[in-house]
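Just so you know, ligand 1 is whichever comes first in the structure, and atom 1 is the first atom listed for that ligand. Computation of the quantities below employed the complete heavy-atom set of this structure, encompassing side-chain atoms and omitting hydrogens, waters and symmetry-equivalent molecules.
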Amino acid sequence: MRDKIVAGNWKMNKTLPESKALIKDIKNAIKNEELQNIRVIVAPTFVNLRSAVKKAKKSVVEIAAQNMHQADSGAYTGEISAEMLKSIGVKIVILGHSERREYFGETDSLLSKKVDQALNSKLEVIFCFGEVLEDRKSENHFKIVESQLKNGLFHLREKDWKHIILAYEPVWAIGTGETASPEQAQEMHKLIRKLIAENYNQSIANDVSILYGGSVKPTNAKEIFSKEDVDGGLIGGAALKADDFVALIQAIK
Ligand code: PEP
């Protein structure tokens, strides 16, 4: 049975004290909740990861990094390696977020290297992908998503898929207040599962968690999360306030 997941991407938000306080508030708010098969993940900025790992210890909250470099180590000023993340207790990394693709020029081919590097270092990967508005308007969205998956992930071995979480994030819905309808999300998630079944097998397709991301909030989460192939959300804005984020966790139960 695949996991349900609520993951918060804090992006370039929260100072160290704010980051500590948010983790504390989330922890306290969910400590008495029954969260069977539900994973709660938050992704603070790099400099706050070490403290976040400590703060989240002995709770269900898991800590993810927002990015990582594809090389083992070396002369890459300002970059962070998989082993560095591992060495401070981080076990999950988000790769391919649309902001990395758009503002930092990350391509499918670069991302496939990052995915390999993360898996080689035994990190779990939340792999993000999704079409831009023009692709949707021109009805190319299925093709784009298929090519992002093919180029980024379909070189993986069957056994690698245990360490992959997918996050379908239509770029036009990220931070815009515009959400894909629950039907649009379900339609795409179903296609994604079908592509995995065709390229691998049905059991891998059934087991992989596929998150939806794009302006998920307490007011729309329940409907989106209720769709058969939607296994949770990757959340931006609504992950920055404990009350909202906890409401999303409750919405998936
Ligand atoms: C995101 O950046 O992954 C995201 C989904 O952001 P928001 O929830 O703010 O749209």
Side-chain angles (χ1 to χ4, degrees), residues 4-14 18-19 22 26 39-46 48-49 52 61-68 92-106 108 111 114-115 118 124-133 135-136 141 144-145 148-149 152-153 164-182 184-186 188-189 192 209-225 227 229-252:
K4 293 181 181 179
I5 301 171
V6 180
N9 173 13
W10 293 358
K11 309 190 184 184
M12 198 174 73
N13 293 295
K14 305 290 172 191
E18 289 166 349
S19 172
L22 183 49
I26 295 169
R39 293 176 65 186
V40 177
I41 300 172
V42 298
T45 187
F46 282 129
N48 296 335
L49 282 173
V61 179
E62 299 174 73
I63 304 299
Q66 299 174 16
N67 182 32
M68 175 210 95
I92 311 167
V93 62
I94 298 173
L95 293 175
H97 192 278
S98 65
E99 287 149 19
R100 298 295 319 169
R101 292 176 186 260
E102 185 182 349
Y103 306 138
F104 302 95
E106 297 199 359
D108 288 342
L111 290 168
K114 289 194 175 199
V115 170
E124 187 175 22
V125 172
I126 301 178
F127 185 79
C128 308
F129 55 96
E131 80 282 1
V132 297
L133 189 57
D135 300 325
R136 173 122 330 227
H141 46 301
I144 293 292
V145 161
Q148 289 171 326
L149 287 174
L153 295 181
I164 300 287
I165 297 164
L166 298 176
Y168 167 60
E169 301 204 295
V171 180
W172 48 271
I174 296 180
T176 57
E178 187 93 30
T179 322
S181 68
Q184 285 172 320
Q186 168 58 24
M188 186 60 91
H189 284 220
I192 295 163
S209 298
I210 310 177
L211 314 185
Y212 168 78
S215 300
V216 177
K217 341 179 233 293
T219 46
N220 59 21
K222 205 153 187 97
E223 223 188 324
I224 297 172
F225 293 165
K227 291 292 172 191
D229 288 294
V230 177
D231 305 310
L234 180 56
I235 318 295
L240 297 174
K241 280 199 204 137
D243 289 352
D244 286 351
F245 191 63
V246 169
L248 301 181
I249 298 165
Q250 274 149 358
I252 208 167

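The contact set between ligand 1 and Gly175, taken as ligand atoms under 4.0 Å from a residue heavy atom, comprises 7 (P), 9 (O), 10 (O). Atom numbering of ligand 1 starts at 1 in the shown order; those under 4.0 Å from a heavy atom of Ala173 are 10 (O). Near Lys11, with a cut-off below 4.0 Å to any heavy atom, the atoms of ligand 1 are 1 (C), 2 (O), 6 (O).
In this structure, Arg100 CZ and Asn67 CG are separated by 4.0 Å, a value rounded to the nearest 0.5 Å. Residue Asn13 holds its CG atom at 5.0 Å from CG of Leu240, rounded to the nearest 0.5 Å.
Ala64 and Ile41 get closest at one heavy-atom pair: CB-CG2, 3.7 Å.
For the residue pair Tyr212 / Gln184, no side-chain donor-acceptor distance below 3.5 Å is found, with atom types taken as modelled.
With respect to Phe129, the side chain to side chain contact (heavy atoms under 4.5 Å, CB included) criterion is satisfied by exactly one of Leu111, Ile144, Ile192: Ile192. Residue Leu166 forms a side chain to side chain contact (heavy atoms under 4.5 Å, CB included) with just one option from Asp231, Ile126, Val125, Ile210, and that option is Ile210.
In terms of polar-atom proximity, Gly214 is not counted as a contact of ligand 1, lacking any N or O under 3.5 Å from an N or O of the ligand. For ligand 1, the polar-atom distance check against Leu234 finds no nitrogen or oxygen pair separated by under 3.5 Å. By the 3.5 Å distance cut-off applied to N or O atoms, Gly237 is counted among the residues near ligand 1.
Contact between His97 and ligand 1 is present, with at least one heavy atom of the residue lying under 4.0 Å from the ligand.
The side-chain heavy atoms of Gln66 and Asn9, taken from C-beta on, include a pair separated by under 4.5 Å.
When hydrogens are left out, the protein atom nearest atom 3 (O) of ligand 1 is Glu169 OE2, 2.6 Å; that is the closest non-hydrogen contact.
Of the candidates Gly213, Ser98, Gly236, the one placing a heavy atom closest to atom 8 (O) of ligand 1 is Gly236.
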